[in-house]
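When a residue number appears, it is its place in the shown sequence, counting from 1. Values below: every heavy atom of this structure, side chains too, minus hydrogens, waters and symmetry copies.
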Amino acid sequence: QLQLVESGGGLVQAGGSLRLSCTLSGRAFSDYALGWFRQAPGKEREFVSAISWTGESTYYADSVKGRSTISRDNAKNTVYLEMNSLKPEDTAVYFCAADTSAGALRLGVAPKAWGQGTQVTVSS
C-alpha cells in the first residue's frame with residue numbers, strides 16, 4: 001500500500017524559509033511523480049508544485065514560482081519543497097501527493113495517494 005508522510009511544517013515569520021519533506025513507502029519511489037498541494041482555511045485544495053519521476057520536469061503554481069524549489073532524492077524515497085520569502089498567504093496545510101504523471105498532478109487529476117498534511121503558518 002502506497003503511503004506518504006510529510007514533515008517540516010511549522011511557524012515562520014514572513015520572509016522566512018521552510019523545507020517540507022515527504023517520504024513514500026510501500027511502492028517503488030522512482031515509479032511515481034510527486035507533488036505538493038495546499039489548503040488554506042475556507043479554501044479549496046490547490047496545486048503548488050510537482051516533479052516527474054525522473055526529476056527532469058518540474059511544475060510550479062504562479063503563486064510560488066520563483067520562491068520555491070521542488071526536488072527529489074530517489075535514494076531516500078523523499079521529495080522536498082523548499083519555500084523562501086514566505087508570505088502570510090502561504091499559510092495552509094500542505095499535502096504531498098503521488099501519481100504516475102507530474103502533468104496529471106499539475107492538472108488536478110485525483111492522485112493515487114495523499115499524505116496526511118503538514119501545517120505551515122506564516123506570521124506577518
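Note on V122: it does not cluster hydrophobically with F37, by side-chain heavy-atom contacts below 4.5 Å among ILVMFWY residues. Linking ILVMFWY side-chain heavy atoms closer than 4.5 Å, directly or via other members, places L34 and L2 in a single hydrophobic cluster. Using a 4.5 Å cut-off between side-chain heavy atoms of Ile, Leu, Val, Met, Phe, Trp and Tyr, with links allowed through other members, V79 and Y59 fall into different hydrophobic clusters.
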Requested in this report: Take V64 and R38, measure what side-chain contact (heavy atoms from CB on, under 4.5 Å) needs, and give me the verdict at the end.
Outcome: CA-CA 11 Å; V64 302; R38 67 186 183 186; 3.9 Å; yes
Query raised in the report: Could you go step by step and tell me if L20 and T118 meet the side-chain contact (heavy atoms from CB on, under 4.5 Å) rule?
Result: CA-CA 8 Å; L20 306 182; T118 185; 4.1 Å; yes
Query - Stepwise side-chain contact (heavy atoms from CB on, under 4.5 Å) check, Y80 with I70 - result: CA-CA 6 Å; Y80 304 98; I70 191 169; over 6 Å; no
**Report entry** T78/R72 under side-chain contact (heavy atoms from CB on, under 4.5 Å): CA gap, chis, key distance, verdict
**Finding:** CA-CA 6 Å; T78 300; R72 64 189 295 159; over 6 Å; no
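T121 has its side chain out of reach of V12: every pair of non-hydrogen atoms, C-beta onward, lies at least 4.5 Å apart. Residues S68 and L81 form a side-chain contact, since some pair of their non-hydrogen atoms from C-beta on lies under 4.5 Å apart. Side-chain contact between Y94 and Q39: absent, with no pair of heavy atoms (C-beta onward) separated by less than 4.5 Å. Side-chain contact between T23 and Q3 is absent, with no heavy-atom pair separated by less than 4.5 Å. Using a 4.5 Å heavy-atom cutoff, the side chains of P111 and L105 are in contact. A 4.5 Å side-chain heavy-atom check between Y60 and R106 finds every atom pair outside the cut-off. Considering only heavy atoms from C-beta on, V120 comes within 4.5 Å of M83 through its side chain. For the pair T91/Q119, a side-chain contact is recorded, criterion being any heavy-atom separation below 4.5 Å from C-beta on.
Both tests pass for R45 against the ring of W114: distance under 6.0 Å to the centre and angle within 45° of the axis.
Residue S123 comes nearest to L11 through the heavy atom pair CB-CD1, 4.3 Å, listed as atom of the first residue, atom of the second, then distance. The nearest pair of heavy atoms linking S17 to N84 is OG-OD1, 2.8 Å. Nearest heavy atoms, A40 versus A92: N-CB, 3.8 Å. Residue P88 comes nearest to A14 through the heavy atom pair CD-CB, 4.1 Å, listed as atom of the first residue, atom of the second, then distance. Across F95 and G115, no two heavy atoms sit closer than the pair CD2-O, 3.6 Å.
Going from atom NZ of K87 over to atom OG of S124 covers 14.0 Å, rounded to the nearest 0.5 Å.
Taking the six-membered ring for Trp and the full ring otherwise, the centers of W36 and F47 sit at least 6.0 Å from each other.
For E6 (side chain) and G117 (main-chain N/O), a donor-acceptor pair under 3.5 Å exists by modelled atom type.
Shown here are the side-chain contact (heavy atoms from CB on, under 4.5 Å) partners of S101, two or more places apart in sequence or in another chain: D99, A104.
A salt bridge links D62 with K65: the closest approach of a Lys/Arg side-chain nitrogen to an acidic carboxylate oxygen falls below 4.0 angstrom.
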